[in-house]
2 protein chains.
Amino acid sequence: MNIDPKLCQVDSALDIIVGKWKPIILLHLMHNGRMRFSELKRSIPEITQKMLTKHLRELESEDIVKRVVYPQVPPKVEYSITEYGRSLEEILVAMHEWGSRHTSRKKQKLSKEMSV
Amino acid sequence: MNIDPKLCQVDSALDIIVGKWKPIILLHLMHNGRMRFSELKRSIPEITQKMLTKHLRELESEDIVKRVVYPQVPPKVEYSITEYGRSLEEILVAMHEWGSRHTSRKKQKLSKEMSV
DNA sequence: CCGTATCCTTCTTGATACTG
DNA sequence: CAGTATCAAGAAGGATACGG
């Protein structure tokens with residue numbers, strides 16, 4: 001580890017991806033390409049419209065997500081990952097993989113304790 | 001991106017490293033090896049004892065940090081990264097680097113706007 | 001269809017004082 | 001030295017209703 005802790009920039013990255021539904025929103029968009037608002041909403045049933053809007057706006061303001069409004073009635077809005085946003089993919093994948101291993105590790109520990 | 005968003009485990013990883021002072025605590029321990037409580041406190045002047053204790057306890061409960069108490073008066077307690085905790089290093093470095101690029105990117109955008 | 005606005009609850013953090 | 005305990009403030013998230 002040769003990062004000077006005083007210059008820690010981990011938080012700048014965390015600021016982007018932390019939020020109750022942000023990782024899953026990003027994974028959906030990375031997985032599916034362009035998605036309409038309602039499509040995202042259906043894909044994440046427990047999220048409220050308010051939180052979906054809020055998180056998408058935050059991601060948009062950081063240039064991670066692109067929002068395209070089609071001037072129609074009824075409205076149509078499509079979201080997608082920007083090219084810049086793609087640079088987060090590696091990190092998300094790494095975190096998902098670490099998280100998967102961590103979860104199964106915890107389950108193993110738990111089952112060991114239960115068998116004692 | 002071939003992660004099924006329904007099986008997203010990014011949050012399991014985020015749970016570990018999210019917390020106002022957790023990344024910097026981890027970087028200090030990864031950088032310096034074993035550190036005493038007071039040493040950590042001095043290295044992160046703005047943190048309160050309460051938050052330092054809380055974060056360390058959480059990291060310890062996830063087996064990321066090891067806590068060793070020396071039965072002395074006055075007390076001496078040393079913290080270090082576990083071998084398992086080392087598996088987080090890659091991700092933290094990746095996030096720090098992404099965060100650094102992101103920060104300078106934002107600065108560039110800002111100075112462009114200022115010059116208009 | 002794609003949002004806003006309002007109110008409310010819960011979680012996180014901080015300030016401060018105290019202790020073996 | 002290395003913590004706990006208590007109280008308070010702020011931020012994040014949720015429920016619900018309404019609007020172009």
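In what follows, every chain begins at residue 1, and chains take the letters A, B, ... in the order their sequences are listed. Note that these values count all heavy atoms, side chains included, but never hydrogens, waters or copies made by symmetry.
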Can you tell whether the side chains of B/K22 and B/E58 come within less than 4.0 Å, N to carboxylate O? yes
Using a strict cut-off of less than 4.0 Å between a Lys/Arg side-chain nitrogen and an Asp/Glu carboxylate oxygen, indicate whether A/D11 and B/K20 qualify as a salt bridge. no
Base-contact (B) and sugar-phosphate-only (S) positions in nucleotides 14-20 of chain C, heavy-atom cut-off under 4.0 Å, - elsewhere: BB----B
Under 3.5 Å donor-acceptor, [X] side chain and [Y] backbone:
| X | Y | value |
| --- | --- | --- |
| A/T82 | A/I64 | yes |
| A/H102 | A/W98 | no |
| B/E78 | B/V69 | no |
| A/S80 | A/G33 | no |
| A/E60 | A/R57 | no |

Should B/K76 and B/V68 be marked as a side-chain contact (heavy atoms from CB on, under 4.5 Å) after you check the CA-CA gap, both sets of side-chain angles, and the distance that decides it? CA-CA 8 Å; B/K76 173 176 168 183; B/V68 177; over 6 Å; no
At their closest point, which heavy atom of A/L92 faces which heavy atom of B/V10, and how far apart are they? O-CG2, 3.7 Å
So A/K41, base contact, sugar-phosphate only, or nothing? Heavy-atom distance under 4.0 Å. nothing
Give B/Y70 one of three labels, base, sugar-phosphate or nothing, depending on what nucleic acid heavy atoms sit under 4.0 Å from its own. nothing
Walk me through whether B/Y79 and B/H55 qualify under ring-ring contact (aromatic ring centres under 6.0 Å, His included). CA-CA 12 Å; B/Y79 293 91; B/H55 282 160; over 10 Å; no
Terminal helix-axis angle for the helix from C/dC1-D/dG20 to C/dG20-D/dC1, with five pairs defining each axis and rounding to 10 degrees: 50°
Interatomic distance, [X] [atom1] vs [N] [atom2] [rounded to whole Å]:
| X | N | atom1 | atom2 | value |
| --- | --- | --- | --- | --- |
| A/L40 | C/dC1 | CG | P | 14 Å |
| A/F37 | C/dG3 | CZ | P | 5 Å |
| B/E58 | C/dT13 | CD | C1' | 12 Å |

Looking only at side-chain N and O atoms, does A/R57 come under 4.0 Å of OP1 or OP2 in C/dT4? yes
Contact boundaries on DNA chain D for chain B, cut-off under 4.0 Å to non-hydrogen atoms: D/dC1 to D/dT6
No-hydrogen, no-angle side-chain donor-acceptor test under 3.5 Å, A/E97 and A/S100: no
Upstream residue (5' side of DNA chain C) when B/V18 and A/E39 are each assigned their closest nucleotide: A/E39
